[in-house]
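Just so it is clear, the structure is predicted and the values come from calculations on it, not from any experiment.
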Amino acid sequence: TFGLYLTPSPLEECEWVHKKVIDKESMEGKWYNYQKGYQPQVCAGGKYAPDSLMGIAVYGGICGRMSDLARGKLGCLGLPGAQVGQPKHSAATMMMPLPPGIRTTLSASIHGANKCLVCAGRNKECTTDEVGAASCSKFVYQAKTQRIELVQQKDYWKLLKDGDAESSANCLELQKKKGKLLLKVSRCNPSKDTQHATQEEQGQLVINSKKGLVRLDVPGGGKMPAADSPWTWNKIQFVQCTKTKCHFDSITDNLDASSPSLFRNVHQESWLAAAEAYNNYERKGLWPVAHDEARLAASLAVTARKAGVEPKRVEEAFAWALQRNPAIYEIWRAAADYPGLADLRQTRDEMSSREWFLGLKEDKDDATRIPETELSRRLLEQEEHDKAHADRFAQRYLLSAQHQGHWSQYPALHQEIIGRFCAAFSEQTLPLLAGQAGVRCRRLRSLVAGHTMQPDWFVSNGTTIEFRDADNQVPDDFDDLLSMLKHVDVGTAQHVVRGLLKRLTVGYVNSRSTTFFGQHRRMLMRGPYAATLAYAGGVLPRKERLLLFSTTRHILENPEDQPERIACASPFLKGSFLQWLVKNRPTLQSASPKGSPMLEADVSFDVRHEMTLDQDARGELPEDVEETLALNELLSRHLKLAQEDIITPQAPDVMKGEERARPRPRNARRLSEDTGKGAGGTAPGLLLQMCVKDVQPHL
């Protein structure tokens, strides 16, 4: 089954992966090269195709490309992987076999047979708990290394990427303190005889060193299990996994192959359950006997149901399949409607994959986002641990003198990392953070601590901050205010967003507004309004977003109707622009945007294109966009509306002789609309624009 999820890649790309991973050749690029602004590197050219595994590693990309690189690399190494869709994000999941070994909890002769070892951390003395307790540590003994390693929740993708599994491994070690033997875990070291373990004929594991001797057995006197090599799942770039949005395309979910599609979108729980179905039930060597027999019985049940066999007989077949292997996710889906299987459902609820699923939030999308301080019980319980981790990270990397040059070179990365840890820094660390990122973190913490999160405070403060700067950029204080909405309930966030959108200015006038309006038939959108509109796309219902789409578009296309909603660099510019617009409105309505007489004849496309990319124009753009968008696309991106929400196609009137418009290739449309007539050929700015737009949908 796992072999069906090997992502195929061209032989040339797999040979490149083998050279880097197996032959340890020097790496070109990075296995995780996350970059938002990667398009110019692609357009600059290089020896690799942009969408090849080499191209993604060298040129970089965002979540989708990183997931593609991970899955492609896994496939070249013979490991299964799948792409996972999460809220506003693309991740990947993988499956890999663990090294062969004996996996079990352990009791120690120095503590008694009815106690299990609990080893909480490196270099800490192991304690004990009752047999079967959830806190009991699990170990793996490998005859090849003759060491007892603590089983940890490892990021196996990182180990596969970096090849540093040994440095993260912790092994059980026998020590002696004040004449008393004790056990702890420490970094695995083959030269230490205090970590060397052998297995006796009866199955017991023994550490016999100069410090002393200890025997280790299964707690409660059980039989030592045989060595095996189970499969484990791991995640790559997971951000938000919820009950409603954490799915991949399964090729095994359809039990009778009757669907016209090979794939069915199923939850990540199915991926976890697949490992359980293989690991925990009868196998003969590598052959998963219980898994295959259960699937065969379930396939017969599905086929029989469609053939009209009586439900009781079908239910009996499903029951046999689930008793044979109750971990198979697709059998439970197919048998969901049979009440006689209720007794078996308890077995499923006790499985790790089901417990993992039941522990997920229903939906962590922006529309139902829970305040960060309440995201989960685990975060609340580990608040102090998180603060300690943030402070250690700050001392080691953010405040260390040896890394200051790196942060000076990459200020955006510096700000992103500090922003991620900001809420967890202690009061002692907070004033030590340098640069604009440190200033912003302190300001945000001060704002959060200094008021009671009243909705009217947000609205009044936001409308005041809007005019703090004369240009069209989003002030940092305003951005911080929107960030603070994550700490309030959804109803309050909606109230604040509605208030801001009613009171903020919508359009912006500067010295280039006449040229911009002549080219695009609209005004620039105000930066703070655009930022609030983007937040509204995640919290307001669809009907309100559609209304905002309509009203915002009308104001930007007809600013003379509501001049009070227009901001400007100076009152004179605003009055001058509105007078120009009223005077030239008839001409603008009759001329096409690209052929507008309002654009000076001696202004080349390059100059006009650069005008649309000045700092004021950037204020209206979504984070991942580098150039001016058509108004419909700009608004739909901010408001998270699909094209079918805003476009109602009109059929041509054939009776009047109108011809149906034939869609042309996107490249041809752009060339016919944008290519200049100058003797010098296509402008360099246009070539760059074409290159970025053509490449972007495939990244």
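Between Trp320 and Ala297, the closest heavy-atom pair is CE3-CB, 3.6 Å. Considering all non-hydrogen atoms of both residues, Val302 and Ala334 come closest at CG2-CB, 4.0 Å. Heavy-atom minimum distance, Pro80 versus Leu74: O-CD1, 4.1 Å. Closest approach of Cys441 and Ile418 over heavy atoms only: CB-CG2, 3.8 Å. The heavy-atom pair separating Ala321 from Ala298 by the smallest distance is CB-N, 4.0 Å. When all heavy atoms of Met27 and Ala57 are compared, the closest pair comes out as CE-CB, 4.0 Å.
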Phe248 and Val266: CA distance, side-chain angles, deciding distance, side chain to side chain contact (heavy atoms under 4.5 Å, CB included) verdict: CA-CA 6 Å; Phe248 70 98; Val266 301; 3.7 Å; yes
List the steps, then state whether side chain to side chain contact (heavy atoms under 4.5 Å, CB included) holds for Leu255 with Ser299. CA-CA 5 Å; Leu255 287 168; Ser299 297; 4.0 Å; yes
I'd like to know whether Glu25 forms a salt bridge (charged side-chain N to carboxylate O under 4.0 Å, His left out) with Lys19, so could you lay out the CA-CA distance, the side-chain angles of the two residues, the decisive distance to 0.1 Å, and finally the verdict. CA-CA 6 Å; Glu25 285 190 5; Lys19 289 177 182 178; 5.1 Å; no
Side chain to side chain contact (heavy atoms under 4.5 Å, CB included), that's the test. Do Val21 and Trp31 meet it? Break it down for me. CA-CA 10 Å; Val21 177; Trp31 289 121; 3.7 Å; yes
For Ile102 and Met224, run side chain to side chain contact (heavy atoms under 4.5 Å, CB included): C-alpha distance rounded to whole Å, both residues' side-chain angles, the deciding distance at 0.1 Å, then the answer. CA-CA 8 Å; Ile102 297 172; Met224 187 70 71; 3.9 Å; yes
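For the 3.5 Å distance criterion, the side chains of Ser135 and Asp129 qualify, holding a donor opposite an acceptor. A donor-acceptor contact under 3.5 angstrom links the side chains of Ser186 and Gln195, judged on distance only. With hydrogens and angles left out, the side-chain atoms of Thr93 and Gln268 include a donor and acceptor closer than 3.5 Å. Side-chain contact, Ser107 with Asp217: no donor N or O sits under 3.5 Å from an acceptor N or O. Side-chain contact check for Glu276 and Ser353: at least one donor-acceptor pair (N or O, by modelled atom type) lies under 3.5 Å.
Side-chain contact between Lys184 and Leu174 is absent, with no heavy-atom pair separated by less than 4.5 Å. Lys245 has its side chain out of reach of His89: every pair of non-hydrogen atoms, C-beta onward, lies at least 4.5 Å apart. Thr104 is not listed as a side-chain neighbour of Phe139, based on a closest heavy-atom distance of 4.5 Å or more. When side chains are defined from C-beta on, Leu398 does not count as touching His403, because their heavy atoms never get closer than 4.5 Å. A 4.5 Å side-chain heavy-atom check between Pro288 and Tyr281 finds every atom pair outside the cut-off. Inter-residue side-chain proximity for Leu216 and Gln204 is flagged as unmet; no heavy-atom pair is nearer than 4.5 Å. Under the 4.5 Å side-chain criterion, counting only non-hydrogen atoms from C-beta, Gln86 is in contact with Cys241. The side-chain heavy atoms of Asp68 and Gln83, taken from C-beta on, include a pair separated by under 4.5 Å.
Panel note: side chain Asn33, backbone Gly29; no donor-acceptor pair is recorded below 3.5 Å. Side chain of Asn325 to main chain of Ala327: a donor-acceptor pair is present (N/O by atom type, distance under 3.5 Å, no hydrogens or angles). In this structure a side-chain-to-backbone donor-acceptor pair under 3.5 Å is missing from Arg147 to Tyr141. Remark: the backbone N or O of Cys76 is paired with a side-chain donor or acceptor of His18 at under 3.5 angstrom. Judged by distance alone, the side chain of Ser109 and the main-chain N or O of Arg215 form a donor-acceptor pair under 3.5 Å. When atom types are taken as modelled, the side chain of Arg283 and the backbone of Asn279 share a donor-acceptor pair closer than 3.5 angstrom. Not a single donor-acceptor pair under 3.5 Å links the side chain of Thr429 to the backbone N or O of Phe425.
Here CD1 of Ile148 is found 8.5 Å from SG of Cys171. Values are rounded to the nearest 0.5 Å. A distance of 5.5 Å separates CZ in Arg295 from OG1 in Thr252, rounded to the nearest 0.5 Å. Rounded to the nearest 0.5 angstrom, Cys422 SG and Leu433 CG are separated by 8.0 Å. Note that CZ of Arg305 and CG of Leu300 are 13.0 Å apart. Values are rounded to the nearest 0.5 Å. Here the straight-line distance linking atom NZ of Lys192 with atom NZ of Lys211 works out to 9.5 Å at 0.5 Å rounding. The structure places CG of Leu183 at 6.0 Å from CD1 of Ile207, a figure rounded to the nearest 0.5 Å.
With respect to Arg264 and Asp249, no salt bridge is recorded, no charged nitrogen being found less than 4.0 Å from a carboxylate O. Glu269 has no carboxylate O lying under 4.0 Å from a charged side-chain N of Lys243, or vice versa, which leaves the two without a salt bridge.
Ring centroid separation for the pair Trp271 and Tyr5 comes in under the 6.0 Å cut-off.
The aromatic rings of Phe357 and His267 lie perpendicular to each other, with more than 60° between the two planes, well past the 30° mark. Note: Trp356 and Trp233 have perpendicular aromatic rings, judged against thresholds of 30 and 60 degrees for the angle between ring planes.
Scored by the salt bridge (charged side-chain N to carboxylate O under 4.0 Å, His left out) test, Asp228 finds Arg103 as partners (sequence neighbours excluded).
Checked options Leu150, Leu106, Leu172; the residue passing with Ser137 is Leu150 (criterion: side-chain contact (heavy atoms from CB on, under 4.5 Å)).
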